[in-house]
Amino acid sequence: MTDTTSNQMWGGRFAAGPDAIMEAINASIGFDKRMAAQDIAGSRAHAAMLAATGIVSDSDAEAMREGLLTVLSEIEDGTFEFSTALEDIHMNVEARLKEIIGDAAGRLHTGRSRNDQVATDFRLWVRDQLDATEGALLALIGALLMQAEAGADWVMPGFTHLQTAQPVTWGHHMMAYVEMFGRDLSRVRDARARMNECPLGAAALAGTSFPIDREMTAKALGFDRPSANSLDAVSDRDFALEFLSTASICAMHLSRMAEELVIWSSAQFRFVALSDRFSTGSSIMPQKKNPDAAELIRAKIGRIFGANVALMTVMKGLPLAYSKDMQEDKEQVFDAADNLMLALAAMEGMVRDMSANRDNLEAAAGSGFSTATDLADWLVRVLGMPFREAHHVTGSLVALAEGKGCDLPELSLEEMQSVHGDITQAVYDVLGVHNSVASRMSYGGTAPELVRAQVARWKEMLG
Ligand code: ARG
């Protein structure tokens, strides 16, 4: 709806209200209402500081702080009427405060601007989101550790090029994701530490002539310190971009794992069974059980990457300090955050619920000549062959087995010796998949003993 009068917050020099299209393109209330709690927390801290520094009276500040709580409860219980004419959450809250407490509300905006206000609110929102992401990552890591511990010695094929390479353990594969999500966790923590500076008091761009106490507001809002440069404080959004890039990397990890779950749950692989709780059926094919959650996680990376690129593009080339372009920061971050949280929770649920098919994993682990490297290593270790020659001899044995349509352990000793006369019965010890994984004892290797040690290390680290 178009207001015929000029804007009550900044309309002093305007004779007419905005065109309907102007109002539509200008308003952010449709989405920035999600920052209501942060906006009110920021305003309450600001009001307390204005009183402590003698800029407003204690009674005015008290009225503001109480009134703001009333506004918050109206928003929370859904009775607040948002107005597009009032553009954004900041002016909606202030206008309602005026209705509740009268003229004292007009003193709240002393020594600040919407520019430092929005920068503060958005930082608080992103900070909350980083904390929520940390919790979700910890839960996912917990689920992976549970799987890794249960299957520390279950064997499965390890792949390169999605071709069978060498046997690995289920636990080792799970722990690979623990490492990845663990780095995501540390990126989240780094981002939080770096972004925890308070822009409030930077005002429009230059600071203010009022004797404000920025340390006080920073502390009240849980920031480590006030930001040191007012131009920077109101005009950068690198904290949001750090969230989005951290979210993108994490989404990329989620997407890779989701892809593996899609493959592993297929009839051709049957490595895992996903629980009914995280699968869907087909409306036409009764036998189907589809890994939709994994597919959607795999797909969601697109919008999270997209948000990162979109905000990068908004910010590039913007002159200092604030420009209205920056209002476009929020929807991208909100959407990416919502989808990241959903993807993390869905992955955690799938991982927690899925059951690995140990027999199928083991059968697959031994196929595809997966212990060929063990055979070559045996030729080096026992017969003293140079590795290159051992590689060649093993290649001939693989070709022999392939021709006969069998796996390496099924070749007879005579057949082995037809390729190289010095091979002995002892070679069969290294052709088994369990021996193969147990022998991978180099630090970071797949041996069950090492997997268990890594599980214990992570558990201790996470407390
Ligand atoms: N809704 C605005 C935003 O999100 C608030 C800041 C407006 N500042 C201004 N100078 N018009 O960026």
Side-chain angles (χ1 to χ4, degrees), residues 3 6-14 17-19 21-43 45-46 68 71 75 80 82-97 106 108-129 195 198-208 217 221 227 229-241 243-244 307 310-337:
D3 217 320
S6 62
N7 187 290
Q8 59 174 288
M9 294 290 166
W10 45 250
R13 63 163 293 175
F14 288 75
D19 188 89
I21 297 296
M22 180 59 211
E23 192 173 291
I25 196 172
N26 197 33
S28 54
I29 188 62
F31 48 88
D32 66 16
K33 58 169 83 139
R34 283 187 70 171
M35 303 194 306
Q38 288 78 7
D39 191 69
I40 285 166
S43 287
H46 186 66
L68 284 163
V71 177
I75 293 174
F80 190 96
F82 291 102
S83 148
T84 312
L86 287 166
E87 285 183 35
D88 55 25
I89 186 63
H90 324 295
M91 296 204 297
N92 269 270
V93 168
E94 196 185 316
R96 179 68 188 128
L97 184 65
L108 175 59
H109 216 50
T110 316
R112 77 169 184 190
S113 144
R114 270 190 295 156
N115 295 349
D116 58 336
Q117 194 179 351
V118 72
T120 304
D121 295 359
F122 197 32
R123 259 180 209 258
L124 288 171
W125 197 93
V126 171
R127 193 178 73 186
D128 286 348
Q129 202 55 45
M195 65 95 71
C198 186
L200 197 58
L205 76 166
T208 174
T217 40
L221 295 169
S227 50
N229 182 296
S230 59
L231 290 169
D232 170 50
V234 294
S235 72
D236 205 359
R237 293 292 183 267
D238 60 353
F239 63 94
L241 286 165
F243 170 71
L244 290 176
L311 185 54
M312 278 285 197
T313 312
V314 166
M315 295 306 295
K316 73 168 278 296
L318 281 188
L320 304 190
Y322 178 85
S323 297
K324 198 60 174 267
D325 308 50
M326 288 157 66
Q327 180 165 284
E328 289 288 309
D329 54 4
K330 287 172 256 338
E331 279 171 294
Q332 301 297 342
V333 170
F334 292 163
D335 184 74

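Counting starts at 1 for both ligands and their atoms, following the listed order. One is the number of the first residue; the rest follow in order along the sequence.
- For ligand 1, the atoms closer than 4.0 angstrom to any heavy atom of S28 are 1 (N).
- Side-chain atoms of S227 come within 3.5 Å of backbone N or O of C198 as a donor-acceptor pair.
- The pair R237-D329 counts as a salt bridge, with a side-chain nitrogen and a carboxylate oxygen less than 4.0 angstrom apart.
- Without hydrogens or angle criteria, N26 side chain to M22 main chain gives no donor-acceptor distance under 3.5 Å.
- Nearest to atom 4 (O) of ligand 1 among the protein's heavy atoms is K330 NZ, 2.8 Å.
- Per-residue contacts place Q327 under 4.0 angstrom from the following atoms of ligand 1 (heavy atoms of the residue considered): 1 (N), 2 (C), 3 (C), 4 (O), 12 (O).
- Of all protein heavy atoms, the one closest to atom 10 (N) of ligand 1 is N115 OD1, 3.0 Å.
- Taking distance alone, with nitrogen or oxygen atoms compared against 3.5 Å, Y322 approaches ligand 1 more closely than that limit.
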Problem set entry | E23/E87 under side-chain contact (heavy atoms from CB on, under 4.5 Å): CA gap, chis, key distance, verdict | CA-CA 8 Å; E23 192 173 291; E87 285 183 35; over 6 Å; no

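- When hydrogens are left out, the protein atom nearest atom 5 (C) of ligand 1 is D88 OD2, 3.5 Å; that is the closest non-hydrogen contact.
- Looking only at distances, a side-chain donor or acceptor of T120 sits under 3.5 Å from a matching main-chain atom of L200.
- Ranking protein heavy atoms by distance to atom 11 (N) of ligand 1, first place goes to R114 NH2, 3.6 Å.
- Taking the centre and axis of the six-membered ring of F334, the NZ or CZ atom of R34 falls inside the cone set by 45° and 6.0 Å.
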